[in-house]
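If you read the sequence from its start, that first residue is 1, and numbering goes on from there.
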Amino acid sequence: VNTNMENVNMETKNVFIATLPRSGSTLIGMILGAHSQVYHAGESAYWSKLNVKAVKCCCGVIGCHTLISISNIISNFPVEIESINTACGMIDVMDEPTKIRHKLSHSSVIVDRHMFNLKIQQCCAGIEKVVEAARVVSGKNVIVENSKYILIANDLLKNSREWKIIVLTRDPIGIALSSKRAGIRKGIPRPIGEKINLFASFARRAAKLIQQENVLHLRYEDLCRNTPKALENMCYFLKIPVEKNMLSFKKNKGHLLMGNHMMHDSNEEIREDLEWRFALSHEEKLLFTKQNILLAYRSIGYDLNQGL
């Protein structure tokens with residue numbers, strides 16, 4: 001573990017994955033994290049929600065030295081770090097006001113626009129502190145942050161030229177099925193009808209974001225159908241060489257405070273999930289023929305009528 005700032009290459013990059021949950025961001029993070037120059041830092045909101053010393057790192061160790069070293073650095077910035085969780089909770093409430101949340105969900109509060117803007121600014125400052133600490137501890141040049149929210153990505157991009165944004169999109173019908181199944185596993189209802197406005201809003205925001213500099217639009221479907229080409233595009237965007245071990249992304253799982261089930265198996269197959277074609281009802285599929293979501297996704301290159 002490197003804790004000497006002088007040994008870190010000054011030509012560094014911060015990468016933020018902007019997407020919706022269940023779109024493949026964990027997969028992207030793990031693939032990039034397998035690169036010799038990259039550290040995958042995961043979602044920064046968890047630093048204020050979990051006891052680092054008691055959590056099992058994705059490396060398999062409870063009390064992981066790498067995570068504790070990062071935690072020791074960012075503990076000097078409690079307001080900024082807590083604001084990450086708070087800002088994410090505010091966005092959740094704005095985007096999905098009726099959603100039933102599980103115990104590790106972000107703090108959900110509703111406040112006025114002024115307070116929201118302040119918390120977003122503090123959140124971005126907190127994420128900056130996390131990636132700086134991860135860079136110092138890991139000694140890696142490229143730090144990947146995976147908090148997902150496009151509203152946060154916009155502010156990071158606006159306030160600093162050090163950030164590059166990967167906008168990861170996926171056909172929302174596949175996301176809907178994955179979300180529904182996750183709700184069943186957690187015992188929390190996830191009606192697909194309540195997700196339609198969220199999907200449409202995300203697509204409209206993504207369409208604007210991908211027009212900006214330092215932003216790469218990556219489709220989950222393209223990653224699955226032509227993985228080598230997708231890796232080549234990502235590495236070119238980040239100005240790092242393609243490495244073969246990126247396709248062996250589960251041999252060294254890195255050090256992540258929190259991750260989903262993908263982190264805990266050895267399956268490295270990258271395959272497009274098309275189970276929605278037979279696992280969703282006719283009525284559920286019809287929800288994706290509404291004009292607002294059809295137009296929104298058409299603006300980012302998806303024809304949702306295809307295959308329905």
Side-chain angles (χ1 to χ4, degrees), residues 1-3 5 8 12-19 21 25-26 28-30 32-33 38-93 101-109 116 118-140 142-153 155-156 159-160 162-163 165 253-260 262-264:
V1 177
N2 171 25
T3 57
M5 281 292 288
V8 179
T12 55
K13 305 179 188 73
N14 301 329
V15 184
F16 186 92
I17 301 175
T19 188
S25 62
T26 298
I28 294 295
M30 293 181 72
L32 288 174
V38 180
Y39 180 85
H40 178 210
E43 299 179 51
S44 296
Y46 287 115
W47 291 103
S48 65
K49 294 194 287 185
L50 298 174
N51 179 354
V52 177
K53 295 181 180 179
V55 169
K56 187 176 183 179
C57 175
C58 65
C59 73
V61 174
I62 296 176
C64 169
H65 182 55
T66 296
L67 296 185
I68 290 174
S69 296
I70 293 173
S71 178
N72 287 340
I73 296 174
I74 64 176
S75 65
N76 295 308
F77 311 98
V79 173
E80 292 87 348
I81 301 305
E82 177 58 39
S83 292
I84 304 171
N85 180 36
T86 304
C88 291
M90 290 178 177
I91 297 171
D92 279 345
V93 171
R101 290 164 172 82
H102 60 81
K103 62 181 180 180
L104 276 180
S105 290
H106 307 302
S107 304
S108 54
V109 290
F116 175 72
L118 174 62
K119 285 299 175 185
I120 286 288
Q121 291 174 14
Q122 291 176 334
C123 164
C124 290
I127 289 175
E128 294 270 5
K129 298 300 182 185
V130 172
V131 298
E132 288 169 13
R135 179 169 291 116
V136 170
V137 172
S138 69
K140 302 291 182 70
V142 182
I143 310 298
V144 177
E145 211 283 346
N146 197 6
S147 288
K148 301 181 179 63
Y149 297 95
I150 277 189
L151 291 178
I152 294 174
D155 263 55
L156 289 171
N159 296 326
S160 173
E162 294 181 359
W163 283 92
I165 311 296
K253 297 181 181 179
H255 303 280
L256 204 65
L257 183 60
M258 184 74 178
N260 63 26
M262 276 193 65
M263 308 294 298
H264 307 295

*Looking only at heavy atoms, which two atoms of L257 and V55 are closest? And how far apart?*
O-CG1, 3.4 Å

*Taking S160 for its side chain and L156 for its backbone only, find out whether a donor-acceptor pair lies under 3.5 Å.*
no

_Straight-line distance of R135 CZ to N14 CG, nearest 0.5 Å_ = 4.5 Å

*With a 4.5 Å heavy-atom cut-off, do W47 and I84 have their side chains touching?*
no

_Y39 side-chain N/O to H255 backbone N/O, donor-acceptor pair under 3.5 Å_ = yes

*asked:* Quick check against the 3.5 Å criterion: does E145 have a side-chain atom that pairs as donor or acceptor with the backbone of S44?
replied: yes

_I need the I62 CD1 to C64 SG distance, nearest 0.5 Å._
11.0 Å

_N85 (side chain) donor-acceptor with E82 (main chain) under 3.5 angstrom_ = no

*asked:* Is the shortest side-chain heavy-atom distance between Q122 and F77 below 4.5 Å?
replied: no

*Taking all heavy atoms of D155 and all of C124, pick out the closest pair and write down the distance.*
CB-SG, 3.5 Å

*Can you see which heavy atom on C59 is nearest to which on G254, and at what distance?*
CB-O, 3.4 Å

*Which atoms form the tightest heavy-atom contact between T19 and S25, and what is the distance?*
CG2-CB, 3.8 Å

*Looking at CD1 of I68 and OG of S75, how far apart are the two atoms once the value is rounded to the nearest 0.5 Å?*
12.0 Å

*asked:* I need the minimum non-hydrogen distance between G29 and I17, along with the two atoms involved.
replied: N-CD1, 4.1 Å

*Give, for atom CD1 of I127 and atom OG of S147, the distance between the pair rounded to the nearest 0.5 Å.*
4.5 Å

*Can you tell me how far NE2 of H40 sits from OG1 of T26, rounded to the nearest 0.5 angstrom?*
6.5 Å

*Report the distance from atom CG of L256 to atom SG of C57, rounding to the nearest 0.5 Å.*
7.0 Å

*Closest non-hydrogen atom pair between I70 and A133, with its separation*: CG2-CB, 4.0 Å

*Donor-acceptor contact below 3.5 Å, side chain S138 vs main chain A134*: yes

_Determine whether I91 and I120 satisfy the following criterion, side-chain contact (heavy atoms from CB on, under 4.5 Å), listing intermediate values before the conclusion._
CA-CA 9 Å; I91 297 171; I120 286 288; 3.9 Å; yes

